[in-house]
Student: 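Before I ask anything, let me first share the structure, which is written out below as C-alpha cells.
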Amino acid sequence: MADDSTRNPPPMGLHRLAWAAGIIGLPLSHYWLVAKIEPFYSSIYCFLWWTYIFAADLAVCQLRGTSLLRDRPKEFLFLSVWSVPVWMLFEAVNLRIQNWYYVMAPWTISWGTIFLFLAFGTVLPGIFETMELVVGLIEKRVPGRRIVGRPFKLRPWNVRIQWGIGAVMLGLLLAFPEVCFCLAWGFAFFLAEPICYWRRRTEKKQIGRSLLGQLAAGDCTRLVALLVAGFICGGLWEAWNFTARTKWIYSVPFFDELKLGEMPVLGFFGFPPFALECYALVNFLSLLRGGRHWELTPSENRERRGLSAWGVTASAALVPLFILICGVAATQYTVASFAAPLDYCFRRELGEPGVNALRQKNATEGNEFLRLKERPPEIDAALFARMRRIVALSECKGMGIKNARALEALKITRLDELARENPSELTRKLRELGRRVRLEEVKIWIREANRLQ
C-alpha cells in the first residue's frame, strides 16, 4: 500500500514501545500461561493477544513498509474501541444459540469491565493485523503482488439476493437455533457487504471500500488473506484458550463429543467466515464515517469528512448502552462461573486468622490454593481438607465454587464420584438446589472428571 508516511516516516513514538512489548511480552506471556503464574494467568488472554497484535504489527511494517500502529494509530484505536460492540453483536446472537459460555470470569465489577474491554478489544485488531501480515507475504511472494481472479459485473438483483440470503440466515438462526446455529458465522457478511458494495460501486479503488467490489474487479488478495487470517486467529484463540483459567467453553449441539481443545473440530471452519463478517462490518462502519477506513492512507482519510457530529453524539450514547445491555445479559446467561477468591467464599469458616494466612501465602485463588504443599497452622485440618475437595471440584472445567458446594450438598466431593453421575439426573438435582446450570455444562464436567481419573 503506497503511503505518504512511507516516504516521510514519523519520529520515534509509542509504536516502538508497543513493538518492544510484543517482542518481549509474547514469549513471557507463554511462560506465565504454562507456569500458571498469577495474577497474569487468570488474565492471560489479554497479555497473549495484545502482545501478539503488537508483534504482528512490527512484522507487517517490516514486510510492507507501513503498519497500523506506526502510520495509522487513530485507525488502530478505532478498531480496538469498535471491536467491543462488534463482538457484542455475536454475544447477543449467542444468547439465542447458546453455543459457548465463560468460566472463571473476573470476580469484581470493576476488573470485569476492564477485562471485557481489554479482551474483546483485541478481536478486530487481531484479525486485521494478521490479514495485513498475509497480504504482505502475498505481495512479496506472488507475481504481480496480488492474487488475480476473473472480473465480473454485479447487477442490482445480485446485490438484493445476497442481502436476502443474509436476512434469511439471520431469521433461520433466531427461529431454529438448535439446528441453524452455524449460520451465525456468515449472516453479517451477507447483510453488510452488499450495502457497502452498492454504496461504493462507482469508486475506482475498492480496497477499504468493499470486498465484493474487489472481487468484481478481479482482486482476490484480501479474500484469501481474510480466510487465512481467520484460520490463524482461530487456531491461536483455541490454543491459548485451552489451558487458560478464565476462558470460554463450547456446548455445540451434535458436535460436542469430538473436540480439538475446547472447540468441536468442525467448528474451526467457522473462523474464516467470521473474519469475512468482521471485514464487512467495518466496511459498513466506514459508510457511517464518511468513507474513512483503516486500510486507507492517512492522507486519504484526511480527505474524507469522517463521522458527523450527530454520528459522534449517537455513538457516544448508543454504543455504551448496547455494550451495557449485552454485557449484563451475558453475565446472567453466558457466564457460568466467577473466579471468586477463597478468602471471600470461606471467610466465615476461616475467620480472620485463616483469611490472613491465605493472603500471606498468596493462595486466595483456587489454583494457587491447590499448590500449597503444607496446611497453614491457622486453618483447621478438617476445614483445610474440605476446602481442598471443594476447590479441586471447582477447578474442573471452571465450574466454580458455588457449583462445587452444590455438588458437596449432593454428597459429591471427589472427581471419581462426579465421573459416575448421570448428566441428566445431576442437572435436575442441581436445579432443585437453585443452581442455573445447563445439561451441556454438566456433561462437560463429567467428561472432564472421567479424563482426570
Side-chain angles (χ1 to χ4, degrees), residues 33-34 36 41-42 44-45 94 97-105 177-179 181-182 184 234-235 237-271 330 333-340 365-367 369-370 388-453:
L33 175 64
V34 173
K36 300 183 178 180
Y41 176 51
S42 292
I44 200 64
Y45 181 96
N94 187 54
I97 64 176
Q98 292 287 288
N99 274 186
W100 67 87
Y101 61 91
Y102 299 96
V103 298
M104 293 299 181
E178 296 85 0
V179 293
F181 55 87
C182 59
W237 274 320
E238 299 311 318
W240 290 337
N241 179 63
F242 181 56
T243 53
R245 186 169 185 245
T246 300
K247 62 179 180 179
W248 61 90
I249 296 176
Y250 294 97
S251 55
V252 181
F254 315 119
F255 305 106
D256 211 32
E257 297 291 334
L258 184 59
K259 287 187 174 184
L260 184 58
E262 297 292 354
M263 168 64 85
V265 173
L266 292 178
F268 282 93
F269 291 98
F271 289 118
Y333 299 104
T334 311
V335 176
S337 66
F338 294 90
E365 295 293 335
N367 57 312
F369 177 77
L370 292 176
R388 297 277 295 187
R389 292 192 297 268
I390 292 175
V391 172
L393 279 176
S394 75
E395 294 292 322
C396 177
K397 284 299 181 183
M399 73 168 65
I401 293 290
K402 289 186 176 181
N403 287 323
R405 278 186 152 172
L407 291 177
E408 181 190 42
L410 297 174
K411 309 300 182 185
I412 301 170
T413 59
R414 300 194 311 269
L415 289 175
D416 62 315
E417 295 171 343
L418 175 61
R420 293 192 294 268
E421 289 292 318
N422 176 276
S424 299
E425 185 66 18
L426 182 55
T427 302
R428 181 186 64 79
K429 292 178 180 178
L430 287 169
R431 288 175 178 172
E432 289 175 354
L433 291 177
R435 299 305 304 149
R436 194 184 71 246
V437 296
R438 292 183 293 157
L439 176 60
E440 293 80 4
E441 292 177 58
V442 177
K443 285 181 178 179
I444 289 170
W445 299 347
I446 294 174
R447 193 179 304 129
E448 180 69 2
N450 278 283
R451 188 185 70 84
L452 294 174
Q453 283 194 92

Student: Take Trp445 and Leu418 through the test side chain to side chain contact (heavy atoms under 4.5 Å, CB included) and record every step on the way to the result.
Tutor: CA-CA 8 Å; Trp445 299 347; Leu418 175 61; 4.2 Å; yes
Student: Looking at Arg414, is its backbone amide N or carbonyl O close enough to the side chain of Arg389 to form a donor-acceptor pair, meaning the two atoms are under 3.5 Å apart?
Tutor: no
Student: Tell me the closest heavy-atom pair linking Ala419 and Asn450, and the distance in Å.
Tutor: O-ND2, 3.3 Å
Student: Only counting residues at least two apart or in another chain, list the ones meeting side chain to side chain contact (heavy atoms under 4.5 Å, CB included) with Leu433.
Tutor: Ala406, Ala409, Leu410
Student: Apply the test side chain to side chain contact (heavy atoms under 4.5 Å, CB included) to residues Tyr101 and Ile444: give CA-CA distance (whole Å), side-chain angles for both, the deciding distance (0.1 Å), then the verdict.
Tutor: CA-CA 12 Å; Tyr101 61 91; Ile444 289 170; 3.5 Å; yes
Student: Would you please name every residue forming a side chain to side chain contact (heavy atoms under 4.5 Å, CB included) with Cys182, sequence neighbours left out?
Tutor: none
Student: One pair to check against side chain to side chain contact (heavy atoms under 4.5 Å, CB included): Leu407 and Leu426. What are the steps and the verdict?
Tutor: CA-CA 9 Å; Leu407 291 177; Leu426 182 55; 3.9 Å; yes
Student: Going by the rule salt bridge (charged side-chain N to carboxylate O under 4.0 Å, His left out), which residues pair with Glu262 if we only count those two or more places apart in sequence or in a different chain?
Tutor: Lys247, Lys397
Student: Of all heavy-atom pairs between Ala336 and Val103, which one has the smallest distance, and what is that distance?
Tutor: CB-CG1, 4.4 Å
Student: Can you tell me how far the CD atom of Glu440 sits from the CD1 atom of Ile249, to the nearest 0.5 Å?
Tutor: 12.5 Å
Student: Tell me, do Tyr45 and Trp237 make a side-chain contact under 4.5 Å, heavy atoms counted?
Tutor: yes
Student: Mind checking salt bridge (charged side-chain N to carboxylate O under 4.0 Å, His left out) for Arg438 and listing every partner two or more places apart, or none if nothing turns up?
Tutor: Glu441
Student: The criterion is side chain to side chain contact (heavy atoms under 4.5 Å, CB included); which residues satisfy it with Ser424, sequence neighbours excluded?
Tutor: Asn422, Leu439
Student: Go through the structure and list residues passing side chain to side chain donor-acceptor pair (under 3.5 Å) with Tyr102, not counting sequence neighbours.
Tutor: Glu91, Trp100
Student: Look at atom CZ of Phe268 and say whether more than 12 heavy atoms of other residues, nucleotides or ligands are closer to it than 6.0 Å.
Tutor: yes
Student: Please report the interatomic distance CZ(Arg436) to CG(Asn403), rounded to the nearest 0.5 Å.
Tutor: 10.0 Å
Student: Output, in order, the C-alpha distance, side-chain angles, deciding distance and verdict of side chain to side chain contact (heavy atoms under 4.5 Å, CB included) for Tyr250 and Glu238.
Tutor: CA-CA 11 Å; Tyr250 294 97; Glu238 299 311 318; 2.8 Å; yes
Student: On a heavy-atom basis, which atom in Val252 and which in Phe181 lie closest, and how many Å separate them?
Tutor: CG1-CE1, 3.3 Å
Student: Going from OH on Tyr41 to CE on Met104, what distance comes out if it is rounded to the nearest 0.5 angstrom?
Tutor: 9.5 Å
Student: Can you list the residues that meet the side chain to side chain donor-acceptor pair (under 3.5 Å) rule with Ser394, with sequence neighbours excluded?
Tutor: none
Student: Measuring from Lys36:NZ to Ile44:CD1, what's the distance to the nearest 0.5 Å?
Tutor: 12.5 Å
Student: Could you tell me whether the side chain of Ser42 reaches within less than 4.5 Å of the side chain of Arg245, counting heavy atoms only?
Tutor: yes
Student: Using the test side chain to side chain donor-acceptor pair (under 3.5 Å), find all partners of Thr246 that sit at least two apart in sequence or belong to another chain.
Tutor: none
Student: I'd like to check the salt bridge (charged side-chain N to carboxylate O under 4.0 Å, His left out) partners of Arg435; sequence neighbours left out, ordered by chain and number.
Tutor: none
Student: Grab the two heavy atoms, one from Leu393 and one from Ala404, that are nearest each other, plus how far apart they are.
Tutor: CB-CB, 3.9 Å
Student: Please report the shortest heavy-atom distance between Val391 and Gly366, naming the atom on each side.
Tutor: CG1-O, 3.5 Å
Student: If you measure from CD on Gln98 to OG1 on Thr334, what distance do you get to the nearest 0.5 Å?
Tutor: 5.5 Å
Student: Going by salt bridge (charged side-chain N to carboxylate O under 4.0 Å, His left out), name the residues that satisfy it together with Arg388, two or more places apart in sequence or in a different chain.
Tutor: none
Student: The criterion is side chain to side chain donor-acceptor pair (under 3.5 Å); which residues satisfy it with Glu408, sequence neighbours excluded?
Tutor: Arg386
Student: Name all residues meeting the side chain to side chain contact (heavy atoms under 4.5 Å, CB included) criterion together with Phe269; count only those two or more places apart in sequence or in a different chain, and write none if there are none.
Tutor: Phe231, Leu266
Student: Got a second to check how far Ile412's CD1 is from Leu430's CG, nearest 0.5 Å?
Tutor: 7.0 Å
